[in-house]
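In each ligand, atom 1 is the first atom listed, and ligand 1 is the first ligand listed. Computed from a prediction, not measured in an experiment: that's the story for all the values here.
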Amino acid sequence: MASRTSDLVVEGNTGHDFDLNSLLRYSSSNVSGFPSSPSYFNLSQFGHGQSNPTYLIEAGSVGGSVKRYVLRKKPPGKLLPSAHAVDREFQVLHALGTHTQVPVPKVFCLCTDPSVIGTPFYIMEYLEGRIYIDPKLPGVTPERRHAIYKATAKTLASMHSADVDFIGLGKYGRRDNYCKRQVERWAKQYVASTSEGKPARNPKMFALVDWLRHHIPSEDSSGTTAGLVHGDFRIDNLVFHPVEDRVIGILDWELSTLGNQMCDVAYSCLPYIADIATEKVQEGFELTGIPEGIPSQAQYLAEYCLAAGKPWPVAEWKFYIAFSLFRGASIYAGVYNRWILGNASGGKRAQHTEKLTNGLIDSAWAFIEQESVLPLHSPSDPNAQDYLKQFGNVSENEDLLNGGKFVPSKKILELRNRLIKFMEDHIYPMENEFNKLAQSTARWTVHPEEEKLKELAKKEGLWNLWIPFDSAARARKLIFDGSNYANSNGEHNLLLGAGLSNLEYGYLCEIMGRSVWAPQVFNCGAPDTGNMEVLLRYGSKEQLQEWLVPLLEGKIRSGFAMTEPQVASSDATNIECSIKSQGNSYIINGTKWWTSGAMDPRCRILIVMGKTDFTAAKHKQQSMILVDIQTPGVHVKRPLMVFGFDDAPHGHAEVTFENVCVPAKNILLGESRGFEIAQGRLGPGRLHHCMRLIGAAERGMQMMAQRALSRRVFGKLIAEQGSFRSDLAKCRIEVEKARLVVLEAADQLDRLGNKRARGIIAIAKVAAPNMALQVLDMAMQVHGAAGVSSDTVLAHLWATARTLRIADGPDEVHLGTIAKLELQKAKL
Ligand SMILES: Cc1cc2nc3c(=O)[nH]c(=O)nc-3n(C[C@H](O)[C@H](O)[C@H](O)COP(=O)(O)OP(=O)(O)OC[C@H]3O[C@@H](n4cnc5c(N)ncnc54)[C@H](O)[C@@H]3O)c2cc1C
């Protein structure tokens, strides 16, 4: 049974005696939204946990609701060196909460002044949810147990995928030799907690230290498994949503640092090995039987490895588990010592921790002495021979038949079929009509049928499918109060998409790419998706409400203005547009071109990249700012042509900015953060182009084959000509190769994030346009003169594909990235 967060409060026990008035004064001035002179102010201590004392603050004014916050402080008294650093907890929570979708409580303020309540503390958001104290999950159905463990593995993987350099935690700790340093650190702590007059020392602990020193995995020194480490990642440090089986907050970051992430993974697996809730420490699930529904250790680990992109750790697992048990033993020895000294924050429970310490040491030795501790291969590896032996014949195993890496799920197949039908029923039949208007004098107007099709797409649930579930989570929290959003007449109109991963979207985006007219009908067109992604990831609540919501609704469109005619813009450090701070405003001056979408009559907002500081470091000069296209001084000068296509009514415009004055609140993320945002925007946006290019190529393949089967040349169908058959086959090979690369890139983007997936994204961005050009060129060839005319869609698809060897970074830039990573690998 889960405990509600509020159940964990111990009534009347504030543990320590500190000045409540002083705390109230401090909170009123430093916590945003805190009642200024509350008529009700109460403090109660959370009983769970042995670490930094944690309190529930409740404050309310007459007639208003009671607001809840959580205070976490350093314990009083003499402490072990470097322990209980609440300032570090605050730092990591702030970084993750601001820059990632990793679920953490929002932090409000850090107070390092001991005069306020005696020791440093910070105040954070109170999360109402469920906490599972017992990892056996008693009273929970098997299905939910399974979901809870799966969510735990995925949450750990998402936290481990945080790009520490990007989120400002690059110096949060040393990355290499983590285990080496940790073994010494906890050995020292154990010695400090056990000595004359203190708890007795256990000689097996020193033998364990020795074993660990000799078995540190080589990846520990190379740093290949390094990143953000939580240090105490276990199920009872997670707050689950009140009703859904997903994590809404990771708590207790006291031991967090940078280092070897496999230590976190092993630590989270300890319930399989040891039961620290009872004195029978050595009886983990693997011995007592895994409660129904909870995955086996190997399955849990496989879930994590798959989500985090980590290799199966069979060779190193003995070390990591033994290390976790050793570290646990040392921590509990410290708790027991504090209990003896009278300042353990967990109260009476601490008196049992000596037994726990020794039990963990015994568990470590029992584990080390086992012959094998994990199956040779991950259960998710379909080639795993021992898995097959364990689970029987491959052909009888549905998971293996249906669950290959690039086999879409039933949900995606169903969406894909609906999308294909929509294309056949509504898009292809309208292409001629749309084209006609786009070539007429009324070209810069929107065809009324397009808006009708948008409504239809919404009704059919084919709307905003591009939104990755993690980006949706932020918007849901910031603007929709945690709920999905349906329009007032209750139609199937989920504005935040269908909760898909980038990989899942790949199977759908490809279908949209078969027609240049399709993406915008599903609100999945460029540059809107990239711009919405920027707002979803980096926009403030106000910016989201003003601009993101109408974009999500498809009521307005947007442009992204970075490229400038006078400088080589593939290197964005060259851009010259100036964004000057002036009082409460920014003044923008510059000329942009190729601002796609700026000609569209529905275009209302531009994201402009310019320089706020021409003297700063090269990548810190740039910022991005939101500019309402109707602001005085914004001049949309002319549409640019791509091989004779102006892509009306959307268009690619030259736009000048003449003393354009916008409010300071329009800056995105803050000054000098332009490059950071560009990196976040470009990964998914680039891949969407690649996905659509696969679809464009498939359309070319289909048209080419149909033409070849119906057109006779020199007495034979083209399809009967040997040279054609060989070319067709080569095209198919290219399409399949490129599709695999694009799906792999989407999968890596989901699992590893933008930065770590940059190599494969660059490969996809070069491979997809070049493949599409080859296939469409062949399709045009087979169509003869008709192929290069505007009587078929081929020329337009080809022209669009050709621009993508330049737009979103020319091939050469991506080739440079690929080569750089390749050379780096060789240097390791
Ligand atoms: C249809 C279309 C739509 C676009 N939409 C937008 C938009 O919405 N918003 C926006 O801001 N921009 C947009 N662009 C602009 C596009 O992103 C830029 O054209 C692109 O970044 C290249 O910049 P540039 O044109 O200034 O070329 P330059 O930077 O001058 O580069 C020219 C050439 O130099 C070579 N080169 C560059 N770097 C290297 C290198 N490292 N090694 C070797 N050779 C190199 C390449 O051959 C490259 O093509 C669009 C472009 C097109 C064609």
Side-chain angles (χ1 to χ4, degrees), residues 438 516 519-520 525-534 551 557-577 579 588 590-600 603 605-611 622-627 629 634 636-657 668 674-675 677-679 681-683 685-686 688-690 692-693 696 758 762 765-766 769-770 772-773 795-821 823:
V516 293
Q520 58 267 32
D528 295 318
T529 54
N531 293 338
M532 286 190 266
E533 178 80 14
V534 165
L551 280 167
R557 298 204 63 184
S558 59
F560 182 70
M562 181 181 76
T563 305
E564 298 176 2
Q566 68 279 14
V567 294
S569 302
S570 49
D571 174 1
T573 61
N574 289 336
I575 59 169
E576 291 174 348
C577 174
I579 304 176
I588 306 167
T591 301
K592 299 287 182 182
W593 73 343
W594 294 103
T595 303
S596 299
M599 299 295 300
D600 193 307
C603 182
I605 185 73
L606 299 176
I607 295 182
V608 178
M609 184 157 170
K611 288 189 175 170
Q622 303 77 7
S623 304
M624 283 195 197
I625 194 156
L626 292 163
V627 179
I629 202 166
V634 178
V636 179
K637 291 278 184 189
R638 60 171 178 136
L640 295 149
M641 304 281 264
V642 175
F643 303 113
F645 295 97
D646 58 15
D647 291 331
H650 187 56
H652 312 283
E654 180 172 332
V655 187
T656 58
F657 298 80
L668 278 159
F675 254 90
I677 302 174
Q679 293 313 316
R681 179 188 194 278
L682 288 177
R686 277 179 184 150
H688 296 174
H689 281 309
C690 298
R692 284 188 288 265
L693 285 164
R758 67 191 186 284
K765 178 61 178 57
V766 177
N770 283 288
L773 285 172
H796 200 173
L797 287 172
W798 184 91
T800 305
R802 181 62 185 84
T803 68
L804 287 165
R805 286 196 54 214
I806 296 172
D808 266 3
D811 281 2
E812 292 85 344
V813 172
H814 300 301
L815 291 170
T817 303
I818 300 163
K820 189 173 153 192
L821 291 171
L823 293 171

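Atom 3 (C) of ligand 1 is approached by the protein to below 4.0 angstrom, counting heavy atoms only. Not a single protein heavy atom sits closer than 4.0 Å to atom 25 (O) of ligand 1. In this structure, atom 31 (O) of ligand 1 has a protein heavy-atom contact shorter than 4.0 Å.
Under 4.0 angstrom from ligand 1, the non-hydrogen atoms of His652 all belong to its side chain. When non-hydrogen atoms are compared, ligand 1 lies under 4.0 Å from the backbone of Val567 (N, CA, C, O) but not from its side chain. Neither the backbone nor the side chain of Asp647 has a heavy atom within less than 4.0 Å of ligand 1.
Ligand 1 has no N or O atom lying under 3.5 Å from any N or O atom of Thr595, backbone or side chain. Polar contact check, Trp593 against ligand 1: no nitrogen or oxygen pair lies under 3.5 Å apart. For ligand 1, the polar-atom distance check finds no N/O of Pro527 at less than 3.5 Å from any of the ligand's N/O atoms. For ligand 1, the polar-atom distance check against Trp594 finds a nitrogen or oxygen pair separated by under 3.5 Å. Between Met562 and ligand 1, an N or O atom pair is found at a separation short of 3.5 Å.
Closest heavy-atom contact between Cys603 and Gly559: SG-N, 4.0 Å. Across every non-hydrogen atom of Lys611 and Gln622, the tightest pair is CE-NE2, 3.8 Å. The two atoms that bring His652 and Ser596 nearest to each other are ND1-OG, 2.7 Å, heavy atoms only. Here the closest non-hydrogen pair linking Val636 and Met599 is CG1-SD, 3.6 Å.
Between the Glu564 side chain and the Glu576 main chain, a donor and an acceptor come within less than 3.5 Å of each other. Judged purely by atom type and a 3.5 angstrom limit, Thr817 uses its side chain to pair as donor or acceptor with the backbone of Val813. In this structure a side-chain-to-backbone donor-acceptor pair under 3.5 Å is missing from Asp646 to Gly651. Judged by distance alone, the side chain of Lys765 and the main-chain N or O of Leu804 form a donor-acceptor pair under 3.5 Å.
In this structure, His796 and Phe645 have parallel ring planes: the angle between them is below the 30° cut-off, well short of the 60° mark.
If you check each of Pro810, Gly809, Ser596 against atom 8 (O) of ligand 1, the one with the closest non-hydrogen atom is Ser596. Looking at Ser570, Gly597, Ala678 and measuring to atom 29 (O) of ligand 1, the nearest heavy atom belongs to Ser570.
Counting atoms of ligand 1 from 1 in the listed order, those under 4.0 Å from a heavy atom of Thr803 are 1 (C), 53 (C).
Ranking protein heavy atoms by distance to atom 42 (N) of ligand 1, first place goes to Glu812 CB, 3.7 Å. With respect to atom 41 (N) of ligand 1, the closest heavy atom belonging to the protein is Val813 CG2, 4.1 Å. Among all non-hydrogen protein atoms, the one lying nearest atom 18 (C) of ligand 1 is Thr563 OG1, 3.8 Å.
Side-chain N/O atoms of His689 and Arg686 include no donor and acceptor closer than 3.5 Å.
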